Amino acid sequence: MATRIHKNPLSLLLLLLVAFSFSHLQSQACHEQDREALLGFKRAITSDPSRLLRSWTSSSDCCSAWEGVACDTASGGRVVNVSRSGLVSGNDFILDTYMSGNLSPTLSNLTFLKILDLSNLKEMRGQIPHEFGKLSRLTYLFLDSNKLTGTIPVSFRYLTRLKKLYLSDNRLSGVVPSPVLSSFSSLSELGFSGNNLSGSIPSSIGKMVSLTKLDLHENNFSGTIPESIGKLKVLEYLDLSENQIFGNIPKSIGGLSKLVLLYLNSNRLTGSIPSSVSGLSSLQFFRLSENKLTGTLPPSIGLLPKIQRLIFENNLFTGKLPATIGHLTTLTDIFFSNNRFSGKIPPSFGNLRNLQTLDLSRNRLSGPIPPQISKLQNLQSLDLSSNPLRLVSIPNWFPKLKLFRLLLAKTGLKGNLPSWLSSSSISTLDLSSNGLKGKLPTWIANMTNLSFLNLSNNGFFSSVPEEFKNLSLLMDLDLHSNKLSGHLDTIFSKNVHEPLGHFNSIDLSNNMFTGSIDADVGEKTGYGFYCLTRSLSQPVGRINTEIIREN
């Protein structure tokens, strides 16, 4: 579900084009200072299994013979590009390799260097040399996906020409020096994700006025989101997720009219969503889940003309769902589960013609479900579980939907299973913790797409019908806490549609099944899984049996 900010293929293509533009200018011999700087880097490498540096020999010219090195005749044959990434592309392959060692400070003697790409080498360790601050002509610096430690050098403040900087997926720690961000007025992409960086996000971030991508996710940042972030007027991607950030979402965030992706999930944010979010006119992906946000959703949320995904689950939101959400006809996914929303589902939700997922589970919503929902012909997953909807029965317009997932657990359903389910394409069905009763119908075998079935905690009785064996795709089954009887062979000898249909989990506890469980049940077809059964009723009394098997 989650979309991350990475160096995209267009960026890599740009680098290749830049590298090519340098490569045709390599007629002049390599400068001696640059040769020694590069050989110093090679000496600090302890393992090079794919021989990425095999051409780097003292007897050859580094401008014409060394792979991954480009020079510029206009500067007297000085090295301007060093690219030895662990992801190497050929004509019809991509080689994923590694290199072990440290970053040698001698690289700082490449004073004409514009591109340095040592990303994805996986095993580069040690600190980033503070001497790298001398690379004042550097425009692209990629050191991501290694095991670098230590802090971000304050000397990076002198890299004023940088356009892209990626240090993601290392083991860097400490605070981000405020003077460094202040000097990055030309920077367009910054990636520090997947480290152990801490402290507050400096307010000087507002001086990075050329920034289009900012990725700080999966660190230990604390403090609040600085109000100055609203000054990043060309920002398109902002990911601050998986940190320890607290406080309110700043109102200034509404000024980011170019923003396409906004991820603030998995933090400690409080307060409500500011009404200024209506200014996010380019926003497509909006994720606030796993926080402590409160209050009602502002009606202005209905003014996001390009929004595709709203992921607000696991917060403390209250009040009614704004009817203005029905204006968001570009929406494909709504995830609002585990909040405290109340009132009815707005009929305007029927206007969301592109909606594929609607998850309003674990709230305080009341019924009835508006019939306008039947117009959502692209809807694939509907989860209204654990709401006091008091449905009694599934509305008769439900067959008009083309659902693959239907979850109505704990919604007040009563009576028998509706027979229209037999002709549905549903793969996941959860009607647990309701007041359903009666026999398990034989037509359940017609639901051949079922992979997950949960009818637990209801009042079903009778044996499991013989036709149950036809559910050859079923992998998760929960029938616990009913009044089912008969033998278990029907379940354990279920057909399998290879490679699918092998059980992952079964819970048949608290029923009235009779007979013994075969000792070789774990070897039977369709039973390579964890199984739990309890309370088998025998002619004389009741036995409690628990079986755990794993493949």
Side-chain angles (χ1 to χ4, degrees), residues 15 18-48 50-86 88 97-144 146-150 152-167 170:
L15 287 177
V18 172
F20 175 78
S21 68
F22 287 139
S23 64
H24 79 284
L25 299 174
Q26 297 184 121
S27 59
Q28 191 162 340
C30 177
H31 194 281
E32 186 61 26
Q33 176 178 310
D34 294 349
R35 179 201 306 273
E36 287 304 313
L38 293 171
L39 289 175
F41 168 72
K42 183 176 180 179
R43 285 192 291 270
I45 300 302
T46 57
S47 178
D48 181 14
S50 295
R51 303 179 66 195
L52 294 176
L53 305 181
R54 64 185 179 278
S55 61
W56 292 25
T57 64
S58 56
S59 60
S60 59
D61 179 61
C62 72
C63 286
S64 59
W66 290 17
E67 293 180 352
V69 177
C71 303
D72 181 15
T73 55
S75 58
R78 302 305 297 267
V79 172
V80 291
N81 182 352
V82 176
S83 297
R84 291 285 77 189
S85 171
V88 183
T97 185
Y98 73 93
M99 190 186 294
S100 301
N102 296 316
L103 294 176
S104 173
T106 63
L107 288 174
S108 65
N109 293 327
L110 301 172
T111 51
F112 283 76
L113 193 65
K114 294 184 178 180
I115 298 174
L116 178 58
D117 184 359
L118 300 175
S119 63
N120 279 291
L121 292 171
K122 290 91 172 172
E123 297 295 328
M124 295 297 294
R125 301 172 184 268
Q127 299 188 5
I128 302 173
H130 67 86
E131 290 89 347
F132 277 19
K134 295 193 296 182
L135 300 173
S136 58
R137 289 181 170 85
L138 208 59
T139 54
Y140 300 97
L141 177 57
F142 301 133
L143 300 176
D144 48 290
N146 284 292
K147 294 181 180 177
L148 300 174
T149 55
I152 298 172
V154 179
S155 60
F156 272 23
R157 66 188 299 183
Y158 301 115
L159 305 181
T160 56
R161 299 185 187 182
L162 271 183
K163 295 181 179 179
K164 296 184 181 182
L165 172 61
Y166 282 87
L167 304 178
N170 278 288

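Given the structure is predicted, the values throughout are model-derived calculations rather than measurements. Along the sequence shown, residues are numbered consecutively beginning with 1.
- Test Lys134, His31, Glu36 against Asn109 for side chain to side chain contact (heavy atoms under 4.5 Å, CB included) and you get one pass: Lys134.
- In this structure, the side chain of Asp72 engages the main chain of Ala74 through a donor-acceptor pair within 3.5 Å.
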*asked:* For a side chain to side chain contact (heavy atoms under 4.5 Å, CB included) check, start with the C-alpha distance between Val79 and Leu113, then their side-chain angles and the critical distance, and finish with the verdict.
replied: CA-CA 6 Å; Val79 172; Leu113 193 65; 4.0 Å; yes
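- Using a distance-only test at 3.5 Å, with no hydrogens or angles considered, a donor-acceptor pair links the side chain of Ser85 to the main chain of Ser119.
- A search for side chain to side chain contact (heavy atoms under 4.5 Å, CB included) contacts involving Pro105 returns Pro129, Glu131, not counting sequence neighbours.
- Put simply, the side chain of Lys114 never gets that close to the backbone of Tyr140: no donor and acceptor are under 3.5 Å apart.
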*Check the pair Leu107, Phe132 against side chain to side chain contact (heavy atoms under 4.5 Å, CB included), reporting the backbone distance first and the verdict last.*
CA-CA 7 Å; Leu107 288 174; Phe132 277 19; 3.8 Å; yes
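- Judged by distance alone, with hydrogens and angles left aside, the side-chain atoms of Asn81 form no donor-acceptor pair with the main-chain N or O of Val69 at under 3.5 Å.
- Test Leu167, Leu121, Leu103 against Asn146 for side chain to side chain contact (heavy atoms under 4.5 Å, CB included) and you get one pass: Leu121.
- Atom CG in Asn120 sits 11.5 Å away from atom CG in Leu143 (nearest 0.5 Å).
- By the salt bridge (charged side-chain N to carboxylate O under 4.0 Å, His left out) test, Arg35 pairs with Glu32, sequence neighbours left out.
- Residues Tyr158 and Ser136 fail the side-chain proximity criterion, which asks for heavy atoms closer than 4.5 Å.
- One distance of note links CG of Leu38 with SG of Cys30; it measures 6.5 Å at 0.5 Å rounding.
- Using a 4.5 Å heavy-atom cutoff, the side chains of Leu165 and Phe156 are in contact.
- Taking the side chain to side chain contact (heavy atoms under 4.5 Å, CB included) definition, one finds that Thr57 meets it with Ser59, Ser60, sequence neighbours left out.
- Expressed to the nearest 0.5 Å, how far CE of Met124 lies from OG1 of Thr46 amounts to 8.5 Å.
- Ser55 pairs by the side-chain hydrogen bond (donor to acceptor under 3.5 Å, both in side chains) definition with nothing, not counting sequence neighbours.
- Using a 4.5 Å heavy-atom cutoff, the side chains of Thr139 and Leu162 are not in contact.
- The aromatic rings of Phe142 and Tyr166 lie tilted to each other, with the angle between the two planes from 30° to 60°.
- Sequence neighbours left out, the pairs with a member in residues 75-85 that pass salt bridge (Lys or Arg N to Asp or Glu O under 4.0 Å) are Asp34-Arg78, Glu67-Arg84.
- Put simply, CZ on Phe112 and CD on Gln33 are 9.0 Å apart, with the number rounded to the nearest 0.5 Å.
- With Asp48 contributing its side chain and Leu53 its backbone, the two residues share a donor-acceptor pair below 3.5 Å.
- One distance of note links OG1 of Thr111 with CZ of Arg137; it measures 6.0 Å at 0.5 Å rounding.
- The SG atoms of Cys63 and Cys71 sit under 2.5 Å apart.
- Between the OG1 atom in Thr106 and the CG atom in Leu39 there is a gap of 8.5 Å [rounded to 0.5 Å].
- Taking Lys122 as the reference, Asp96 meet the side-chain hydrogen bond (donor to acceptor under 3.5 Å, both in side chains) condition, with sequence neighbours excluded.
- Considering only residues two or more places apart in sequence or on other chains, Glu123 meets the side-chain hydrogen bond (donor to acceptor under 3.5 Å, both in side chains) condition with Arg125, Lys147.
- Here the side chain of Asp117 pairs no donor or acceptor atom with the backbone of Ser83 at under 3.5 angstrom.
- Partners of Thr97 according to the side-chain hydrogen bond (donor to acceptor under 3.5 Å, both in side chains) rule, which considers only residues two or more places apart in sequence or in another chain, are Ser50.
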